[in-house]
Amino acid sequence: MAIAVLGLGNMGSALARRLLAAGREVIVWNRSPGRADALVQEGARKAASVEEAGAAAEVVLVSLTDDAAVRAVVLPDGQPIRGLGGVLVDCSTVSPATTRDEAAKYGEHFVAAPILGAPQAVLSGKATFVVGGAPSAVSNADRVLSDISQTLLHVGDEAEKASVLKLLNNALLMIGVAALADIVAAGQASGFDDAALKDLLTKLPVVAPGLHNRIDLLMDDEHAGWFPVRLGAKDLRLASEAAETVGVEMPVTDFVRQRYELAAASGLADKDIAGVIELLRRKA
Ligand SMILES: NC(=O)c1ccc[n+]([C@@H]2O[C@H](COP(=O)([O-])OP(=O)(O)OC[C@H]3O[C@@H](n4cnc5c(N)ncnc54)[C@H](OP(=O)(O)O)[C@@H]3O)[C@@H](O)[C@H]2O)c1
């Protein structure tokens, strides 16, 4: 059973690599063709077009930047990919509205499966997929997703719920990183050395385990991580907009969103989300 991966950024490449490591036949496509080369060296087959990839695979995983990218690739002219042979599994982080449109157009052939976790977590089998869609499509998707991770969180047949949960998770992550940035900046400025501060922060029960891998990234000056500020700002905007459509205000999320948008506009767009700490350092 061939699996296609559309979109070979940090996350799509990790998905393809994990599937290759599991012995799967993998077909890859990316808008900028050079990005497929390393994966071809590792055993993947490069498709010349989205349609070619879609026709040859029983499951098509999608990992693209945002709503606009997903709509351009998965719903060209508002219609499904021509000649799709199997199930489309969108792992991108997008709005519930886009997920709903994908589900409406692909019907029984669509699954939303956004990812909780970094590309490294995908590579090591430790990521979580939040899975929603029609039961028959979900059962086909699960056979492939379970090669990538054993942790599949099913939310039922309303695919958009998977996107809602993913956005809420990321809002919490971004709020946590922004809060930890305050603490690290204040701790460093107060004279704690980094090793002592890190030791303390990893022992404190109020610092969530999911933030531990950001402590080094907050402390150093490069912030060369795996989840860029531009994507973090996107997810906060989507979380806030999704809540607004159901009549809920998220003032804390909105404040943190402003911080990431400011960071993105201040030359930090491609730094890891830990780079938000630079807003504090530059002020000092
Ligand atoms: N990185 C993480 O830690 C992480 C964690 C969980 C979820 N996610 C989500 O996973 C998705 C992918 O993230 P990533 O980290 O892989 O991002 P990325 O490294 O920036 O890669 C983005 C991918 O989208 C493609 N793309 C963008 N606009 C496009 C368009 N209009 N048409 C066709 N392709 C387009 C890019 O193609 P080109 O190469 O041609 O630019 C590239 O393949 C996002 O929704 C992100 O929020 C990321």
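Atoms within each ligand, like the ligands themselves, are counted from 1 in listed order.
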**OP:** State if Ala68 counts as touching ligand 1 under the rule of any non-hydrogen atom under 4.0 Å.
**Re:** no

**OP:** Mark up the atoms of ligand 1 that fall under 4.0 Å of a heavy atom belonging to Gly117, in ascending order.
**Re:** 5 (C), 6 (C)

Original post:
Side chain or backbone of Val73 under 4.0 Å from ligand 1, or both, or neither, by non-hydrogen atoms?
Top reply: side chain

**OP:** Could you say whether the N/O atoms of Leu8 and ligand 1 ever approach to under 3.5 Å?
**Re:** yes

**OP:** Give the contacting part of Met11 toward ligand 1: side chain, backbone, both or neither, where contact means a heavy-atom distance below 4.0 Å.
**Re:** both

Original post:
Is it the side chain (CB and beyond), the backbone, both or neither of Arg230 that lies under 4.0 Å from ligand 1, heavy atoms counted?
Top reply: side chain

**OP:** Taking only Lys NZ, Arg NE, NH1 and NH2, and the carboxylate oxygens of Asp or Glu, determine whether Arg18 and Asp147 approach each other closer than 4.0 Å.
**Re:** no

Original post:
Do any N or O atoms from the side chain of Asp272 and from the backbone of Trp226 form a donor-acceptor pair under 3.5 angstrom?
Top reply: yes

Original post:
What residue and atom, counting heavy atoms only, is the protein's closest point to atom 28 (N) of ligand 1, and at what distance?
Top reply: Ala69 CB, 3.4 Å

Original post:
Just by distance, do the side chain of Thr99 and the backbone of Ser95 share a donor-acceptor pair under 3.5 Å?
Top reply: yes

Original post:
Is a side-chain N or O of Asp220 found less than 3.5 angstrom from the main chain of His223, in a donor-acceptor match?
Top reply: yes

**OP:** Check whether more than 12 heavy atoms from other residues, nucleotides or ligands sit under 6.0 Å from atom CD of Glu108, and answer yes or no.
**Re:** no

Subject >> Lys234 side chain vs Thr65 backbone, donor-acceptor pair below 3.5 Å >> reply: yes

Original post:
Which heavy atom of the protein is the closest neighbour of atom 27 (C) of ligand 1, given with residue, atom name and distance?
Top reply: Thr65 OG1, 2.9 Å

Subject >> Gln150 side chain to Ser146 backbone, donor-acceptor under 3.5 Å >> reply: yes

Original post:
For ligand 1, which atoms, with element, lie under 4.0 Å from some heavy atom of Trp226?
Top reply: 1 (N), 2 (C), 3 (O)

Original post:
About how many Å separate CG of Leu173 and CG of Leu211, when rounded to the nearest 0.5 Å?
Top reply: 6.5 Å

Original post:
So is there a nitrogen or oxygen of Trp29 less than 3.5 Å from a nitrogen or oxygen in ligand 1?
Top reply: no

Original post:
Which of the atoms in ligand 1, numbered in the order shown and given with their element, are less than 4.0 Å from a heavy-atom of Ile115?
Top reply: 6 (C), 7 (C)

Subject >> Thr98 and Val74: CA distance, side-chain angles, deciding distance, side-chain contact (heavy atoms from CB on, under 4.5 Å) verdict >> reply: CA-CA 10 Å; Thr98 289; Val74 167; over 6 Å; no

**OP:** Consider every N or O of Arg35 and every N or O of ligand 1, then say whether any pair is closer than 3.5 Å.
**Re:** yes

**OP:** Looking only at distances, please establish whether an N/O atom of ligand 1 is found under 3.5 Å from an N/O atom of Asn10.
**Re:** yes

**OP:** For Asn30, counting its heavy atoms only, list the atoms of ligand 1 lying under 4.0 Å from any of them.
**Re:** 37 (O), 38 (P), 39 (O), 40 (O), 42 (C), 43 (O)

Original post:
Going through the checks in order, is the side-chain hydrogen bond (donor to acceptor under 3.5 Å, both in side chains) test met by Asn140 and Glu58?
Top reply: CA-CA 9 Å; Asn140 286 334; Glu58 289 191 49; over 6 Å; no

Subject >> Shortest protein contact, atom 21 (O) of ligand 1 (heavy atom only) >> reply: Gly9 CA, 3.3 Å

**OP:** Can you sort out which atoms of ligand 1 are near Leu231, meaning under 4.0 Å from one of its heavy atoms?
**Re:** 13 (O), 15 (O), 17 (O), 46 (C)

**OP:** Measure from atom 40 (O) of ligand 1 to every heavy atom in Ser13, Gly34, Ser32 and give the option owning the shortest one.
**Re:** Ser32

Original post:
Counting only N and O atoms by type, is there a donor-acceptor contact under 3.5 Å from the side chain of Asp77 to the main-chain atoms of Gln79?
Top reply: no

Original post:
N/O to N/O below 3.5 Å, does that happen between Lys166 and ligand 1?
Top reply: no

Original post:
Which ligand 1 atoms are under 4.0 Å away from a heavy-atom of Pro119?
Top reply: 1 (N), 2 (C), 3 (O)

Original post:
Is the backbone N or O of Ala127 less than 3.5 Å from a side-chain atom of Ser149, with the two atoms forming a donor-acceptor pair by type?
Top reply: yes

Original post:
For ligand 1, which atoms have a heavy atom of Ser92 less than 4.0 angstrom away?
Top reply: 45 (O)

Original post:
Side chain, backbone, both or neither: which part of Thr93 has a heavy atom under 4.0 Å from ligand 1?
Top reply: both

**OP:** Return yes when Ala127 approaches ligand 1 closer than 4.0 angstrom through a heavy atom, no otherwise.
**Re:** no

Subject >> Polar side chain donor-acceptor pair, Asp142 to His154, under 3.5 angstrom >> reply: yes

Subject >> salt_bridge(Asp101, Arg71) N-O dist < 4.0 Å >> reply: yes

**OP:** Using distance alone, decide if ligand 1 has a nitrogen or oxygen within less than 3.5 Å of any nitrogen or oxygen in Leu64.
**Re:** yes

Subject >> Closest protein heavy atom to atom 47 (O) of ligand 1, given as residue, atom name and distance to 0.1 Å >> reply: Lys234 NZ, 2.9 Å

